[in-house]
Each structure stands twice: as C-alpha cells, then as structure tokens.
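See below for the structure under consideration.
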Amino acid sequence: MTDVTDLLADSAPVPALAPPPAMDYLVSLNAEQREAVETIDGPLLVLAGAGTGKTRVLTTRFAHILLSGRAFPGQVLAVTFTNKAAREMRERVGHLLGRPAEGLWLGTFHALCARMLRRHAEYVGLTSSFSILDTDDQIRLLKQVMEARRIDAKRWPPQGLMGVIQRWKDRGLTPAAITAAEDSEFGGGAARGAYADYQARLVQLNATDFGDLMLHMTEILRTRPDVLAQYHRAFRYILVDEYQDTNTVQYLWLRLLAKREGGGANICCVGDDDQSIYSWRGAEVENILRFEKDFPGARIVRLERNYRSTAPILAAASGLIAHNGGRLGKTLRPGRADTTGERVVVASVWDSDEEARMVGGRMESLHRDNHPLSEMAVLVRAGFQTRAFEERLITLGLPYRVIGGLRFYERAEIRDAIAYMRVVSQPADDLAFERIINLPRRGVGDATLQALHHEARAAQVPLTVAVQRLLDSGALKGRVREQLNALMGCFMRARDALGRDGHVSAVGTLLDETGYTGMWQSSKSPEAPGRLDNLKELVRALADFESLGGFLEHVSLVMENEESANADRVNLMTIHGAKGLEFDTVFLPGWEEGIFPSQRTLDEGGNKGLEEERRLAYVAITRARLRAIISHAANRRIYANWQSAIPSRFIEELPDAHIEITGSASLAREQRMSAPPVFGGQFPLTAKRPRVMEATVIAAWEQPPRPKRETAIAVGARVFHQKFGPGTVRATDEDRLEIEFDHAGTKRLMDSYVEQVG
DNA sequence: GGATCGCTGATTTTT
DNA sequence: TCAGCGATCC
C-alpha cells in the first residue's frame with residue numbers, strides 16, 4: 001500500500017497518530033475531511049471551498065464505503081459532471097483499493113442515464129440501440145420541424161427555440177407538462193407544439209438528445225415503480241460531485257433514487273455554492289441551498305482549509321465573494337505552510353496591446369527564472385479574448401495551447417465518418433444518413449432528397465428504406481440510381497462484415513468503399529492530409545472498443561480533446577474552462593466594466609447575474625497557487641472603434657491589504673467616474689468609493705514602442721502556412737505580408753506565422 | 001454545384 | 001471589424 005501513501009501525500013497534514021494499517025487512508029485527512037468521509041449513514045452535504053480537498057474526500061469516502069465492507073462496488077452510485085472528473089475518481093478509488101475499480105456505477109449524469117436508458121428504452125418508445133444526437137443534428141432536426149410548422153426561421157432562430165426546449169428539459173418538463181402560460185415566451189406560442197413534434201421525431205429516429213437522457217430516465221423512474229424499486233435495491237450509497245451545478249431534472253433524478261420508503265437516503269453531495277457558474281445552462285444553485293430541507297436530518301460538513309493558494313490570494317478571493325448575498329457561508333483559511341506570499345497584482349494598462357505585452361513580458365521573465373510555462377495560465381471571460389494573447393505569444397515565440405477550441409469529435413471529417421457508422425449501426429438514423437448521402441458527391445440534389453423524404457413520410461419508413469423502395473420501383477434513374485445502389489450495397493456489406501470481420505475492419509472497408517476516404521485523398525485542400533490523419537486515428541481508436549455500439553456511445557458522451565501530451569506550454573482558456581484546474585501563476589486580463597462583469601449578463605440577469613459574475617471572478621482567483629495578476633485596460637477596441645473603459649467593480653471589491661496596484665495607465669479619478677461603460681447597458685453602475693489608481697510606477701515590463709521591423713521575406717517568395725498551405729508573397733508592409741495562397745486565396749498575415757520554403 | 005454578395009450579430013458551453 | 005450564414009446567380 002505504499003503507493004497509496006504517495007498518492008495522498010500531495011497536500012496532507014502530518015498524521016498525529018499511527019493508524020491501524022487498514023485505515024491508512026483516513027489518517028492523512030484533516031478533521032473536517034475525515035468527518036466527511038466517516039459520516040456514512042444519512043444525507044450529508046459537504047461544502048467544499050476551492051482547493052480544500054474535495055476530490056480527495058469524495059474518493060476516500062468511496063473507498064472507505066467499500067473497504068469497510070458496507071457495500072459492494074456495484075452498490076454505490078457515483079455521479080460527476082465531467083468525464084474527466086469521473087476518470088479521475090475511478091483512478092483514485094482504484095489506487096485506494098489497491099486494484100482497478102471495476103463494476104462501479106461511476107460516471108457523468110448523462111453517461112449513467114444512457115446506461116440505464118438502454119435497459120428501459122421501450123418505456124419511452126425507443127430501442128436499446130438508440131442514437132444520441134449532437135448539437136448539429138439537433139438543430140437540423142428542429143429546422144425540419146419548424147419548416148413543417150411554418151415557423152419563420154428568420155424571425156425565430158432555431159438556436160433560440162432549441163435553447164427554450166433545452167431549458168424545459170433541464171427543468172424536467174415533457175411537452176405535456178408545458179402550460180400555455182409557460183409557452184408564450186417564444187414564437188408567439190409556437191414553441192410548445194414544436195417541442196412536441198421534435199420529441200415525436202426523435203422517437204421515430206430512435207434517437208435522443210443530451211437532455212433526453214436525463215428527462216426520459218427521470219420520467220421512467222417517476223412512472224414505473226418497479227424500475228425505481230430495482231435501483232433502490234441496487235444502490236445503497238449515492239455520491240454526487242459539483243452539486244451546485246445540478247439542474248432541476250438532475251435533482252429530481254437524484255431525489256427519486258435517494259428517497260425510499262423507510263427513509264435512510266444515503267446520499268452525499270459535495271459542492272460549493274460560491275462556485276456555481278452555470279446557471280445559464282440551467283443549473284440551480286437553489287438545489288444546494290435547499291439541501292437540508294430536501295433531506296431532513298442532513299448533516300453539513302464544511303471544508304475550509306485550503307491547501308492550494310497563498311494567504312493573499314485566499315484573502316483577495318474571500319474579500320471579493322463576501323460581496324455576494326444568500327451564501328451558505330464559508331471562509332477559506334490557509335492550510336499551506338507557506339502562508340506568506342506575493343500580493344495579488346492589479347495592473348492598470350493603457351490599452352489591450354499593452355495588456356498583452358505586460359502578460360507576455362511577465363511570462364518571459366518567469367520562464368527565465370525556471371518557472372514552467374505549463375504552470376502559467378491566462379483566464380479570460382470570453383473566448384475571443386484569447387486572440388490578443390495568442391498573437392503576442394507567437395511574436396515572443398512562447399509555445400501555448402488554447403483549451404476549449406475545436407474538439408476532435410467536432411471536426412467535420414470525424415462527424416462524417418461517425419455518420420457512416422451510425423447508419424450502419426442504426427438504419428433509422430435519418431439525420432446521419434442525410435449528412436452523408438451526398439458526401440462524396442453522388443449527384444443527389446434537392447429534387448432527389450425531396451422525393452426520398454416524400455417516400456419516407458408516405459410509407460412511414462426511414463430514409464434508407466425509402467432509398468431501397470425507390471430503387472426497387474425504378475423511380476430513381478441514371479447516375480443517382482447507380483450511386484445510391486452502390487451506397488446501399490456498402491451499408492449492407494458493412495453490416496455483414498461487422499459480425500464476421502469485426503468492427504474495425506468493417507468500418508475501414510466502409511469508409512473506403514463508399515469513397516469517403518478517397519474524397520479526401522483526391523482533395524487538393526491543404527487541410528486534407530490532416531483530415532486523413534484524423535480519420536486514421538479514428539479507425540485506430542475503434543480498436544479500443546468491443547463493438548461499434550460501444551464506440552458510438554463513447555463518442556456521443558465523451559466529447560473531449562485528447563490533449564497532445566504534456567508539453568511545456570502556456571495555457572489560454574476561459575474561466576469556465578478553468579474550473580477545477582490550478583496553476584502557479586494566473587493572469588486575469590480584461591477586468592473592465594462591460595467585459596467582466598459582462599454587460600449582457602447584467603442586462604439579462606440583473607443582480608443574480610452580477611452575483612454569478614462575481615462567483616466567476618472568485619473561481620478565477622482561486623485557480624492560482626502562488627501568483628495572480630489581474631489587469632484592466634483604460635482603452636479597448638470594441639469591433640471597429642476605440643472606447644475608454646473603466647475598471648471592473650470587482651477590482652474595488654478586493655481587500656486593499658492584499659493587493660498591489662501597478663501599471664502605466666494614469667487613470668485619473670475624473671476619467672474613472674465619467675467614462676461611459678464599454679457597452680451601453682441599462683444596468684446601473686455601482687457608485688462606490690473608487691479606488692484611486694494614480695500609480696506612477698513604471699513597471700519593468702513597460703517597453704518603449706516596438707521598433708518597426710522590416711520583414712526578411714521578399715515579394716515573390718514561396719511560403720507555407722499551417723492552415724492555408726503554400727502560397728506566394730505578393731506584397732510586404734513592415735512585418736506584414738500579403739500572401740496569395742495556392743488554395744486559400746489572398747490573406748494578410750504577420751511574417752512570423754509563415755515559413756519560407758524553397 | 002460552386003462562387004459571390006450582402007446581411008447580421010458578436011458570453012460562458014462540464015454532457 | 002469580420003466571420004459565418006443564406007440567398008442568388010451562373
């Protein structure tokens with residue numbers, strides 16, 4: 001069990017007593033953590049502040065339940081929000097057990113629901129092989145529904161209606177449960193009907209969307225006492241991570257599973273109301289605030305000792321979050337030995353360019369002092385803000401990665417390939433079939449597609465069957481006939497091959513025979529080789545799964561980026577994306593009114609919105625172990641023109657004693673008070689005591705204006721760009737190049753983006 | 001089927 | 001400003 005001790009040693013206080021050997025894992029916990037682990041019976045809420053060892057408590061509790069013989073692995077239901085969290089929990093529980101953790105009901109809400117729903121699919125009109133649609137498919141399906149209902153897609157964007165439907169699903173509302181009063185918010189009363197149609201179409205397609213996984217399962221548990229009893233018998237203990245992020249339907253699902261006749265709900269929820277930042281996705285902080293009422297006799301354990309951050313960082317974060325009302329109330333206390341530390345820096349800069357230079361400069365200097373780049377992160381409010389930093393880092397030659405970009409499974413070629421597989425595994429999947437029916441080109445135009453739809457509707461059959469019927473009846477002619485005939489043959493052979501040769505070979509052959517791989521092989525696009533690599537990788541990944549069905553389940557539910565190794569790179573991401581992560585040094589740019597807090601949130605969400613933004617700020621600061629550098633620019637370019645910006649109110653809310661103000665911008669009091677907000681919003685700005693920022697400190701990172709540099713690349717030179725491929729330089733302007741790309745048109749780029757070739 | 005034009009809108013996105 | 005779309009034309 002030596003590796004267990006290693007595993008727990010990361011931030012544990014030294015044990016006071018020698019433990020009985022079997023209970024090693026308890027001794028490295030502090031008193032509150034231990035209480036949270038050992039309070040086994042009855043409902044328990046663990047309020048775990050940032051960096052207080054939440055995951056540790058959850059995994060140790062899980063292991064403790066098993067090791068103390070209270071339950072077998074299959075009798076514990078453990079729920080997380082992310083696949084990453086689920087994986088981490090599985091690994092750590094395995095370590096504590098000293099063997100791989102198998103047969104666990106451990107996973108994300110959606111993965112667990114999918115697993116259950118495959119067993120009971122018939123209760124909602126599906127078969128166990130139902131498809132799980134991605135966002136793309138959802139929108140396409142909804143567009144079809146709207147068209148049929150003659151809802152003007154221009155006036156009522158499908159995305160908007162999708163949002164309405166999803167919020168309904170988040171709240172556990174089936175179409176039948178939507179009242180007329182509830183309906184009026186979209187499309188003048190058309191939403192309810194569209195929702196009903198959309199659900200009906202999903203059943204026809206033998207498909208669900210993400211929301212359905214929760215909604216259907218909750219519906220089944222609510223209406224089928226026999227099914228519910230089955231799970232009551234199965235699960236003795238329920239563990240829930242990130243409880244503050246649960247939405248209503250997730251809450252209902254949990255409550256159904258946890259509450260049984262004779263009481264004794266062994267549910268343990270871990271969360272932090274101060275880190276609730278997903279209300280816009282349907283999360284209800286009220287769930288955690290209401291816990292004691294929902295589960296009478298519940299115990300509450302607070303974890304407040306923070307082992308992650310220095311004292312000034314904790315003080316700054318605590319001071320900020322104290323401005324929120326209606327909290328359950330926790331105070332982070334430093335648990336680290338090194339309780340002194342650098343104060344949180346608030347840097348005032350002139351404009352966004354200077355901000356990027358400041359951040360880049362500090363990164364370079366830290367890097368020179370042997371701080372790994374991977375321990376530095378820039379956390380922004382919105383995705384587009386990373387661009388300025390990317391450009392600066394490219395200029396400086398510092399490697400970086402943007403977390404949360406396009407994911408592997410979201411790439412077009414991967415989705416296409418998956419669509420082929422879906423048709424094989426589930427012939428009723430019209431959306432998948434429509435996606436690839438003319439990819440590569442098979443001469444299927446609008447007219448053919450219309451005819452197919454017509455036939456499908458008339459005969460009440462899926463599109464693939466409609467194709468076969470039109471082939472048989474001779475309604476399809478010429479090239480289209482030939483091509484579709486061949487395509488149907490490919491699908492049939494693939495289904496045969498599945499059992500005979502295995503899914504890896506079957507899919508490989510399918511992609512080749514249908515001409516999909518060939519389409520990219522003959523493509524002259526500079527992106528084609530990369531896409532072919534991705535396809536190869538996809539087929540290779542198939543081998544990790546026992547069946548095609550298992551693989552498809554994985555790609556639907558585990559949409560994530562396999563990050564390229566652990567190279568030493570600076571991290572750029574949104575604050576939302578940083579939740580649960582930590583770094584030595586954290587840069588927090590753009591703390592300006594209108595940007596952070598976001599004007600739109602204030603306009604739409606009022607004080608609740610503001611409080612959520614403040615929680616976001618709290619999450620941002622508490623990501624830092626050693627250093628946090630907050631910055632705001634006095635001038636920022638919004639779309640076309642420059643506008644002056646005033647510092648975020650969150651800066652004023654940081655406790656003076658723990659911050660250090662620095663920067664080149666002399667933000668006079670007058671300017672601060674009179675400057676208009678960046679975005680013209682209606683939410684009143686706070687008229688609090690402004691923090692005077694007349695710091696005259698010229699920091700070391702302030703540089704003279706960058707000398708204009710002439711590019712070394714001449715007009716006429718051949719160059720290569722990562723994304724645009726080969727091209728010829730047509731003109732130069734200092735370090736800018738105008739390049740005519742062979743396949744991507746003419747672009748203006750900085751010379752550092754391209755490589756000279758030939 | 002592909003190129004071109006013009007309009008629009010522009011946070012966050014665990015699954 | 002600029003990307004991403006839908007409509008329109010060849």
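Every chain is numbered from 1, with letters handed out A, B, ... down the list of sequences. Predicted, not measured: the structure shown is a model, and the values here were computed from it.
- For the C1' atom pair drawn from dT11(B) and dG6(C), the interatomic distance equals 25 Å after rounding to whole Å.
- Across residues 107-120 of chain A, T108(A), H110(A) each have a non-hydrogen atom less than 4.0 Å from an atom of DNA chain B (numbered order).
- Counting any heavy atom pair closer than 4.0 Å across all strands shown, T601(A) reaches a base atom.
- Residue G383(A) is in sugar-phosphate contact alone, with no base atom involved, counting any heavy-atom pair closer than 4.0 Å across all strands shown.
- In this structure, the nucleotide among dT15(B), dG2(B), dT11(B) sitting nearest to the side chain of A382(A) is dT11(B).
- Taking the six-membered ring where tryptophan is involved, the planes of F596(A) and W591(A) are perpendicular, since the angle between them exceeds 60° and thus also 30°.
- Judged by distance alone, with hydrogens and angles left aside, R281(A) brings no side-chain donor or acceptor close enough to the base of dT12(B) to form a pair under 3.5 Å.
- One can place CH2 of W591(A) at 20 Å from P of dT11(B), the figure rounded to the nearest angstrom.
- Nearest nucleotide to the N438(A) side chain, out of dT11(B), dG1(B), dT13(B): dG1(B).
- In this structure, E391(A) atom CD and dT1(C) atom C1' are separated by 13 Å, rounded to whole Å.
- Taking 4.0 Å as the cut-off between side-chain N and carboxylate O, E242(A) and K579(A) count as a salt-bridged pair.
- Taking the nucleotide of DNA chain B with the nearest heavy atom to each of E613(A) and T82(A), the more 5' of the two is matched to E613(A).
- Of the candidates dT15(B), dT11(B), dT14(B), the closest approach to any side-chain atom of D245(A) belongs to dT14(B).
- What separates CZ of R387(A) from P of dA10(B) is a distance of 17 Å, to the nearest Å.
- For R636(A) and E355(A), the salt-bridge test passes: some basic side-chain N is under 4.0 Å from an acidic carboxylate O.
- Contact check on D170(A) versus R167(A) returns a salt bridge, with a Lys/Arg side-chain nitrogen under 4.0 Å from an Asp/Glu carboxylate oxygen.
- Under the 30°/60° scheme for interplanar angles, the aromatic rings of W280(A) and Y278(A) are found to be tilted.
- Put simply, T574(A) has a side-chain N or O that comes within less than 4.0 Å of OP1 or OP2 on dT13(B).
- At whole-Å resolution of the value, CD in E604(A) and C1' in dT12(B) are 12 Å apart.
- Taking 4.0 Å as the cut-off between side-chain N and carboxylate O, R308(A) and E582(A) count as a salt-bridged pair.
- Map G445(A) and L616(A) each onto its nearest nucleotide of DNA chain B; the residue landing nearer the 5' end is G445(A).
- Phosphate proximity of dT14(B) to N83(A): absent, as no side-chain N or O sits under 4.0 Å from OP1 or OP2.
- Phosphate proximity of dG2(B) to R441(A): present, with a side-chain N or O under 4.0 Å from OP1 or OP2.
- Note: CD (E612(A)) to C1' (dT12(B)) measures 9 Å, nearest angstrom.
- Taking a cutoff of 4.0 Å between a charged side-chain nitrogen and a carboxylate oxygen, K169(A) and D212(A) qualify as a salt bridge.
- One finds a salt bridge joining R422(A) and D429(A) here, because a Lys/Arg side-chain nitrogen approaches an Asp/Glu carboxylate oxygen to under 4.0 Å.
- Taking atom OH on Y618(A) and atom P on dT12(B), their separation rounds to 24 Å, with Å as the unit.
- For the pair Q159(A) CD and dC5(C) P, the interatomic distance rounds to 9 Å; values are reported in whole Å.
- In the set dT11(B), dT12(B), dG1(B), the nucleotide with an atom closest to the side chain of W280(A) is dT12(B).
- As a whole-Å value, the separation of Q599(A) CD from dT11(B) C1' is 12 Å.
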